[in-house]
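Only one structure is covered here, and it is reproduced in the block below.
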Amino acid sequence: MMEEQLIKVCRTAAAHKREGRPGADLAGINLEGPFLSYAKKGAQNGEWLHAPDVAMLRRLEEASEGLVKLVSVAPEEPGALDFIREVAEEVNVSVAHTTAGYDTAMAAFRAGAREVTHLFNAMPGFTHRAPGVVGAALDSPWSRVELISDGIHIHPSVVRATFKMFGPDRVVLISDTMRAAGMSDGEYDLGGQNVIVKGPLATLADGTIAGSVTDLMACMKTAVSFGIPLADAVRAAAVNPAKAIGIFDRVGSLEAGKRANVAVLGPDLELKAVFFHGKQVV
């Protein structure tokens with residue numbers, strides 16, 4: 001059932017991309033699951049988790065017509081390190097939803113993982129004797145770390161500390177939004193589970209934070225309000241993610257020859273205009 005649903009999603013995304021429907025460009029697919037730890041599943045549906053499976057990933061890659069750009073994996077799961085070694089040249093592998101300690105996380109980075117999904121969330125903490133995934137990522141300079149700067153998932157002090165530790169070239173701001181983003185308060189579905197949205201907070205019935213309902217622009221602005229320099233926040237929201245999934249040659253910065261997809265902000269970071277493929281749409 002789980003794989004059938006993922007295949008359907010991948011095929012739908014491929015059809016949307018192929019048919020060139022209006023709206024934002026579909027840059028790729030992020031498979032945040034199912035190769036995760038049950039103990040750190042967060043708002044993931046535990047019944048849909050699966051051991052790391054190269055054949056399954058390749059079936060999803062085929063169904064998506066090459067749109068899978070990022071796949072998350074808990075490196076302590078059986079077969080995970082072999083999985084990372086085999087697929088690291090095909091897709092960006094990200095450490096996620098994991099109980100891994102420092103040594104296991106380091107093994108994952110040495111095997112080919114190059115990213116961490118929503119740093120600090122759904123993983124062991126960073127302490128002086130057990131630095132865990134955070135410490136391993138810091139000691140793996142080729143890796144990037146995702147950060148949910150929505151004012152809910154991460155304390156402002158930790159957002160500032162992350163930029164200081166990793167530097168603005170290694171932080172990837174993400175929204176982690178679910179389907180309720182931009183919608184009114186109410187009840188929504190996430191992976192077969194009921195999610196309650198109240199203001200900026202989305203939770204399962206037991207209170208577990210269920211992703212975000214804040215868009216990436218708002219996360220970038222929130223990072224700035226926490227004291228992150230504007231240039232660093234913009235780099236983390238535009239340049240670094242484009243580099244992470246291998247599309248920086250086409251998007252992510254204002255350079256000749258790239259797609260003219262541009263958001264124009266005023267002095268107070270209010271939206272003034274949006275250009276899409278060179279044409280003003282807002």
Side-chain angles (χ1 to χ4, degrees), residues 30-33 35-44 52 70-77 80-81 83-85 88 92-176 208-212 214 216 219-220 222-223 226-229 232-233 235-237 239-241 243-245:
N30 171 16
L31 290 176
E32 190 184 335
F35 312 129
L36 310 175
S37 163
Y38 187 89
K40 289 290 185 180
K41 62 182 177 62
Q44 298 275 344
L70 187 67
V71 60
S72 296
V73 62
E76 74 277 13
E77 292 298 301
L81 295 180
F83 172 90
I84 295 171
R85 292 187 192 98
N92 189 3
V93 179
S94 186
V95 175
H97 288 269
T98 175
T99 62
Y102 176 87
D103 291 340
T104 300
M106 282 299 298
F109 290 122
R110 286 193 294 266
R114 301 189 301 277
E115 194 151 331
V116 180
T117 298
H118 44 55
L119 193 72
F120 298 107
N121 296 119
M123 64 186 61
F126 176 53
T127 69
H128 63 300
R129 290 196 181 94
V133 174
V134 179
L138 189 60
D139 287 345
S140 303
W142 59 89
S143 69
R144 294 184 176 91
V145 295
E146 298 176 359
L147 202 63
I148 309 172
S149 179
D150 62 353
I152 293 173
H153 282 79
I154 304 290
H155 191 278
S157 178
V158 178
V159 172
R160 291 189 291 271
T162 301
F163 272 85
K164 289 177 181 177
M165 287 193 300
F166 288 88
D169 291 327
R170 295 181 61 194
V171 178
V172 175
L173 288 182
I174 63 168
S175 63
D176 203 47
T208 301
I209 295 177
S212 165
T214 304
L216 184 58
C219 288
M220 185 277 291
T222 300
F226 290 165
I228 304 303
D232 292 348
R235 176 176 294 275
V239 174
N240 300 344
K243 288 182 175 180
I245 62 171

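Nothing fancy with the numbering, it's 1 onward along the sequence.
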Write down the atom of [X], the atom of [Y], and the distance for their closest heavy-atom approach.
{"X": "Pro75", "Y": "Thr98", "result": "CD-OG1, 3.6 Å"}
{"X": "Leu173", "Y": "Ala233", "result": "CD1-O, 3.7 Å"}
{"X": "Ala105", "Y": "Ala136", "result": "CB-CB, 3.5 Å"}
{"X": "Ala74", "Y": "Ala80", "result": "O-CB, 3.4 Å"}
{"X": "Phe166", "Y": "Ala137", "result": "CE2-C, 3.8 Å"}
{"X": "Thr208", "Y": "Ala43", "result": "CG2-N, 4.1 Å"}

Side chain [X], main chain [Y], donor-acceptor under 3.5 Å:
{"X": "Ser212", "Y": "Ser175", "result": "yes"}
{"X": "Arg170", "Y": "Ser143", "result": "yes"}
{"X": "Asn240", "Y": "Val171", "result": "yes"}

Can you tell me how far the [atom1] atom of [X] sits from the [atom2] atom of [Y], to the nearest 0.5 Å?
{"X": "His97", "Y": "Glu77", "atom1": "NE2", "atom2": "CD", "answer": "12.5 Å"}
{"X": "Ser94", "Y": "Glu32", "atom1": "OG", "atom2": "CD", "answer": "8.5 Å"}
{"X": "Phe126", "Y": "Leu138", "atom1": "CZ", "atom2": "CG", "answer": "6.5 Å"}
{"X": "Arg114", "Y": "Leu70", "atom1": "CZ", "atom2": "CG", "answer": "9.0 Å"}
{"X": "Asn30", "Y": "Asp176", "atom1": "CG", "atom2": "CG", "answer": "9.0 Å"}
{"X": "Asp232", "Y": "Asp169", "atom1": "CG", "atom2": "CG", "answer": "8.5 Å"}

Let me have the donor-acceptor pairs involving side chains of residues 144-152, under 3.5 Å, with sequence neighbours excluded, atom names and distances please.
| unit_1 | atom_1 | unit_2 | atom_2 | d |
| --- | --- | --- | --- | --- |
| Glu146 | OE1 | His118 | N | 3.3 |
| Ser149 | OG | Cys219 | O | 3.4 |
| Ser149 | OG | Ala223 | N | 3.4 |
| Asp150 | OD1 | Ile152 | N | 2.9 |
| Asp150 | OD1 | His153 | N | 2.9 |
| Asp150 | OD1 | His153 | ND1 | 3.4 |
| Asp150 | OD2 | His153 | ND1 | 2.8 |

Are the side chains of [Y] and [X] in contact, using a 4.5 Å heavy-atom criterion?
{"X": "Arg160", "Y": "Ile228", "answer": "yes"}
{"X": "Ile84", "Y": "Phe109", "answer": "no"}
{"X": "Ile154", "Y": "Asn121", "answer": "yes"}

Exercise: do Thr99 and Ser37 side chains pair donor with acceptor under 3.5 Å: no
Verdict with reasoning, Lys41 to Leu36, per side chain to side chain contact (heavy atoms under 4.5 Å, CB included): CA-CA 7 Å; Lys41 62 182 177 62; Leu36 310 175; 6.0 Å; no
